[in-house]
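Chain naming here is simple, since letters A, B, ... match the order of the sequence lines and numbering starts at 1 in each. Quick caveat, the model's predicted, so the values are computed rather than measured.
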Amino acid sequence: MRVALTDEARARLDAHLDAVEQALIKVGNTREQRRGVVDDLEAQILDMLAARSASPSMADVEAVLGQVDRAEAYGMTANVMAPENVARDTAPLRRESGRAMETSVPTNVKRRMFMKPSVLVALVICGTLLVMTPAVADYLIQRNFVAYAASMASMTKLPDGLQLNFDAHPMEGIHRFGFWFTGSVAIGFGIVGGFIAFARDWKRGQ
Amino acid sequence: LTIGADDKAWVSQLRKGLVELLVLAALRREELYGYQLLQRLAEMEGLALTESTLYPVLGRLAGDALVAVRQEPSPSGPPRRYYRLTRAGQKRLDEMLAHWRAVNGSIEQLASDRKGASS
């Protein structure tokens with residue numbers, strides 16, 4: 001039974017289908033995907049109208065549109081289905097007509113890591129090494145390690161023209177400060193980042 | 001099957017996770033068009049889907065070549081899009097069913113162990 005729609009009813013149906021297409025556009029569906037969904041939906045609505053009457057009234061169209069999902073639901077459902085869009089927050093949407101299954105969509109929010117734990121640990125370790133570097137250098141000079149290395153090098157035959165400089169000088173103040181400052185900043189980032197990550201996890205668990 | 005309000009969200013989540021499996025399984029034996037598929041699933045207890053869930057999934061399955069689409073004129077209006085399982089879709093369905101059975105079996109086993117332990 002072919003359905004004969006009035007211009008007004010056809011315009012109302014088209015407006016709904018356009019709204020569905022807009023919702024699908026918003027969540028990044030391709031033209032082909034949109035066309036498929038809208039064609040399926042149009043065929044369904046016309047089947048539902050045909051079951052009511054061969055020449056459905058505007059009231060029939062409104063009744064059928066009240067039974068199908070609202071246009072916004074397509075945007076939300078597409079969110080759930082498209083893995084690349086999973087991060088979007090999707091609040092449940094329920095139809096008032098209360099058909100078999102509501103289109104509730106989970107709040108499937110991708111968990112964003114503030115900073116990976118391994119990065120935080122690496123920051124603290126590297127920072128500690130940097131802070132310790134001047135002290136270690138002083139210790140090596142004190143223990144005549146540089147002189148020992150020089151004597152070892154003198155016993156090794158080096159290629160012509162190659163010279164090694166083993167002059168032991170204590171580290172200059174600006175270099176000490178540079179090591180200390182960089183190391184402290186790295187440790188600070190590591191500790192603060194750890195606290196933030198912990199606080200977020202704790203808050204999420206509440 | 002009656003479910004409490006607290007379980008509704010869980011049931012909805014479970015069903016959403018199974019949409020692909022439901023669609024592929026429904027198309028296993030016969031070619032169906034969108035609305036027909038919707039009605040077929042609605043006839044089964046606990047499997048009803050809405051069109052905003054089903055049609056985008058059908059589009060995605062078609063894009064992945066797991067289902068093939070054929071258009072046929074409809075007596076009520078625009079052509080209907082008939083969906084059928086492809087060979088790749090059949091293979092995917094078999095894999096999903098195997099996994100589903102394994103998971104279901106494990107859950108059943110856990111539940112029965114617990115029952116045995118509590119009695």
Side-chain angles (χ1 to χ4, degrees), chain A residues 1-5 10 13 17 20 23-24 27 29-52 54 56 67-83 92-95 97 99-108, chain B residues 1 3 5 7-20 22-23 32-65 67-83:
Chain A
M1 178 171 57
R2 188 143 196 107
V3 177
L5 286 173
R10 183 71 235 183
L13 173 57
L17 296 174
V20 167
L24 292 169
V27 290
N29 280 261
T30 64
R31 179 184 289 268
E32 197 178 345
Q33 286 171 328
R34 297 196 306 262
R35 191 179 297 145
V37 171
V38 171
D39 285 354
D40 282 339
L41 180 61
E42 186 181 4
Q44 174 187 341
I45 291 171
L46 287 168
D47 272 8
M48 292 168 80
L49 287 171
R52 286 172 165 260
Q67 286 182 314
V68 296
D69 281 335
R70 286 181 359 212
E72 296 88 341
Y74 287 82
M76 293 172 140
T77 308
N79 266 340
V80 173
M81 297 312 163
L93 179 80
R94 287 160 198 275
R95 270 193 329 221
S97 57
R99 273 185 33 195
M101 175 193 172
E102 78 286 0
T103 316
S104 66
V105 180
T107 50
N108 199 354
Chain B
L1 183 69
I3 52 167
D7 292 334
K8 238 180 173 181
W10 177 78
V11 171
S12 179
Q13 293 277 354
L14 180 68
R15 202 188 279 130
K16 285 210 180 299
L18 295 173
V19 171
E20 274 189 27
L22 298 183
V23 172
L32 298 168
Y33 64 91
Y35 187 36
Q36 216 175 7
L37 182 52
L38 209 60
Q39 289 173 312
R40 189 61 50 88
L41 290 171
E43 288 165 7
M44 314 286 288
E45 174 129 20
L47 300 188
L49 298 175
T50 56
E51 48 285 332
S52 70
T53 302
L54 176 65
Y55 296 156
V57 171
L58 281 172
R60 195 152 52 83
L61 292 174
D64 293 343
V67 298
V69 191
R70 176 180 67 83
Q71 289 206 350
E72 195 170 284
S74 156
S76 59
R80 286 172 178 161
R81 291 159 54 86
Y82 280 83
Y83 296 91

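When all heavy atoms of A:Y74 and B:P56 are compared, the closest pair comes out as CD2-CG, 4.5 Å. Taking every heavy atom of both residues into account, B:P79 and A:A43 meet most closely at O-CB, 4.4 Å.
When B:Q39, B:E51, B:R80 are each tested for a side-chain hydrogen bond (donor to acceptor under 3.5 Å, both in side chains) with A:Q44, only one passes: B:E51.
With rounding to the nearest 0.5 Å, the separation of CG in A:D47 from CG in B:L38 is 11.0 Å.
Heavy atoms of B:Y82 lying under 4.5 Å from chain A are absent altogether. With a 4.5 Å cut-off on non-hydrogen atoms, B:Q36 does not touch chain A at all.
For the set A:V20, A:D39, A:L41, the count of heavy-atom pairs under 4.5 angstrom toward chain B peaks at A:L41.
B:Y55 and A:D69 are not linked by any side-chain donor-acceptor pair at a separation below 3.5 angstrom, with hydrogens and angles left out of the test.
Within a 6.0 Å sphere centred on CD of A:E32, other residues, nucleotides and ligands contribute 12 heavy atoms or fewer.
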